[in-house]
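These numbers come from a predicted model, not from an experiment.
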Amino acid sequence: MHNLETPEIFDLTTLQTNPEEIITMQGIKKSFNGQEVLRGVDLTIHRGETLVILGRSGGGKSVLVSMLVGLLTPDEGSIIIENQEVTQFQSEKEWNQVRLKIGFLFQGAALYDSMTVGENVAFPLRQHTKLSEDEIQRLVAEKLKWVELEGIEDKMPSELSGGMQKRVGLARTMALNPKIIIYDEPTTGLDPVTSDTIAELIRNLQQEFQVTSIVVTHDIRTTFYVADRVAMLHEGKILTVGTVDEIQNSPYQEVQQFIHGTRRGKKKG
C-alpha cells in the first residue's frame, strides 16, 4: 500500500463515449475589493469522474469550488448542478437540498475540537437523518473502518496527527453517501507517505462508490495518481482541460512550467 507508481485503472469507457454532465459552470466571475480572481471560468464535470483543478496558490481554485456549495456567490455566470441552476437560488432551504448531495473536505479537516471522533463523524447523520442511535454508531464505525481508522471513536481530534484528522474529516464527509465530493487541498501539510494514503482513498472512493470527485490541489504527484481529467486554472480562467497524458504533453508553456516546477517548462536532455 501507499505506492502510487502503478494505480489500478478505472474503466472510463462509458464516461468517454457518452459523458453525462453533473456540473456545468459558465462565465463565472468573482472579484474581491475590486481585484478580479475569476475572470470567466467555463468548466464541465462529468458524472463519476475525478477532475483535478490545478493552479497556483491564491489563484482562485478554492473560491471556485466554494461556489458549488453556496459558500460564495459568483458576481456573474451560471452554475448548474444536476440540472438545477443553483445561482438562481433564493434561500438556504434550496441550497440545503443540494448540499446533501455534496461532501466537502476542507483543507484543515475542520473537525469540531469539542467533539470526539465518533461524534464528529455522526454529526451530519444526527443533523440530517432520523436514524436510530444504534444505526448511527454502526455507520460511524463503517466509515472509520473505510478510512483505516477503526476503533478510534472515543479519541479527541487533538490526539490525532494531521493525516488522521484529514481521514476523520473524509469519514465525516462520506457519512451521508454524497454523489459528489470536493477535496480542497487534501494533501497540504502532509508528509509524502500520508499524502499517498489520502490519494489512495480518493481513488478508491471513486472506484468503489462511483463518486464524482473534484480535487483542488497544486500537488502534482497526487494529481497524476487520482485524476481522470485535469483542468488548469490560470489568471482567472481555465487555460486547458485534458487527461493526465494530455496535460503532461500540453503545448502550453504555463502548464509545463507548473507541472515540472520550473520557470521555463520541461527541462530538455
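- No donor-acceptor distance shorter than 3.5 angstrom exists from the side chain of R229 to the backbone of V52, with no hydrogens or angles considered.
- In terms of heavy atoms, A227 sits closest to V244 at O-CG2, 3.7 Å.
- H234 pairs by the side chain to side chain donor-acceptor pair (under 3.5 Å) definition with nothing, not counting sequence neighbours.
- Considering CZ of R167 and CG of L160, their distance stands at 9.5 Å, rounded to 0.5 Å.
- Grouping Ile, Leu, Val, Met, Phe, Trp and Tyr residues whose side-chain heavy atoms lie under 4.5 Å apart, directly or via other members, places Y112 in a hydrophobic cluster with M115, F123.
- K30 places a side-chain N or O within 3.5 Å of a backbone atom of T73 that can act as its donor or acceptor partner.
- For E94 (side chain) and Q90 (main-chain N/O), a donor-acceptor pair under 3.5 Å exists by modelled atom type.
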After noting the C-alpha distance and the side-chain angles of T197 and E200, does the key distance pass the side chain to side chain donor-acceptor pair (under 3.5 Å) rule? CA-CA 5 Å; T197 300; E200 284 186 60; 5.3 Å; no
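- Separation of atoms OG1 (T87) and CD1 (I81) is listed at 9.0 Å; rounding is to 0.5 Å.
- Remark: R221 engages D196 in a salt bridge, criterion side-chain N to carboxylate O under 4.0 Å.
- L176 CG to K143 NZ: the interatomic distance, rounded to the nearest 0.5 Å, is 9.0 Å.
- No side-chain N or O of T116 forms a donor-acceptor pair with one of D154 less than 3.5 Å apart.
- In this structure, Q127 contributes its side chain and P124 its backbone to no donor-acceptor pair below 3.5 Å.
- E76 places no side-chain N or O within donor-acceptor distance of the main-chain N or O of G27, the cut-off being under 3.5 Å.
- With values rounded to the nearest 0.5 angstrom, L170 atom CG is found 5.5 Å from L205 atom CG.
- At least one donor-acceptor pair closer than 3.5 Å links the side chain of S161 to the backbone N or O of M164.
- A donor-acceptor contact shorter than 3.5 Å links the side chain of K61 to the backbone of R56.
- Atoms CD1 and OG, from I180 and S213 in turn, are 9.5 Å apart once rounded to the nearest 0.5 Å.
- Checked by atom type and distance alone, the side chain of E148 never pairs as donor or acceptor with a backbone atom of K145 at under 3.5 Å.
- No donor-acceptor pair closer than 3.5 Å links the side chain of T194 to the backbone N or O of L190.
- A distance-only check finds no donor-acceptor pair linking the side chain of D228 to the backbone of E49 [under 3.5 Å].
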Pairs of donor and acceptor atoms involving the side chains of residues 135-142, under 3.5 Å and at least two apart or interchain, shall be tabulated with distances.
| unit_1 | atom_1 | unit_2 | atom_2 | d |
| --- | --- | --- | --- | --- |
| E135 | OE1 | R138 | NE | 3.2 |
| E135 | OE2 | R138 | NE | 3.4 |
| E135 | OE2 | R138 | NH2 | 2.7 |
| Q137 | NE2 | E133 | OE2 | 2.8 |
| R138 | NH1 | E142 | OE1 | 3.1 |

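- Within 6.0 Å of CZ in R126 there are more than 12 heavy atoms belonging to other residues, nucleotides or ligands.
- Comment: D75 does not engage R39 in a salt bridge, judged by the lack of any side-chain N to carboxylate O separation of less than 4.0 angstrom.
- Here the shortest heavy-atom pairing between I28 and P74 reads CG2-CB, 4.0 Å.
- The only option from L233, L54, V255 that meets the side chain to side chain contact (heavy atoms under 4.5 Å, CB included) definition with L239 turns out to be V255.
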Worked check of salt bridge (charged side-chain N to carboxylate O under 4.0 Å, His left out) between E208 and R203: CA-CA 9 Å; E208 194 166 330; R203 196 65 170 166; over 6 Å; no
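- In the model, K101 has no side-chain atom that pairs as donor or acceptor with a side-chain atom of N177 under 3.5 Å.
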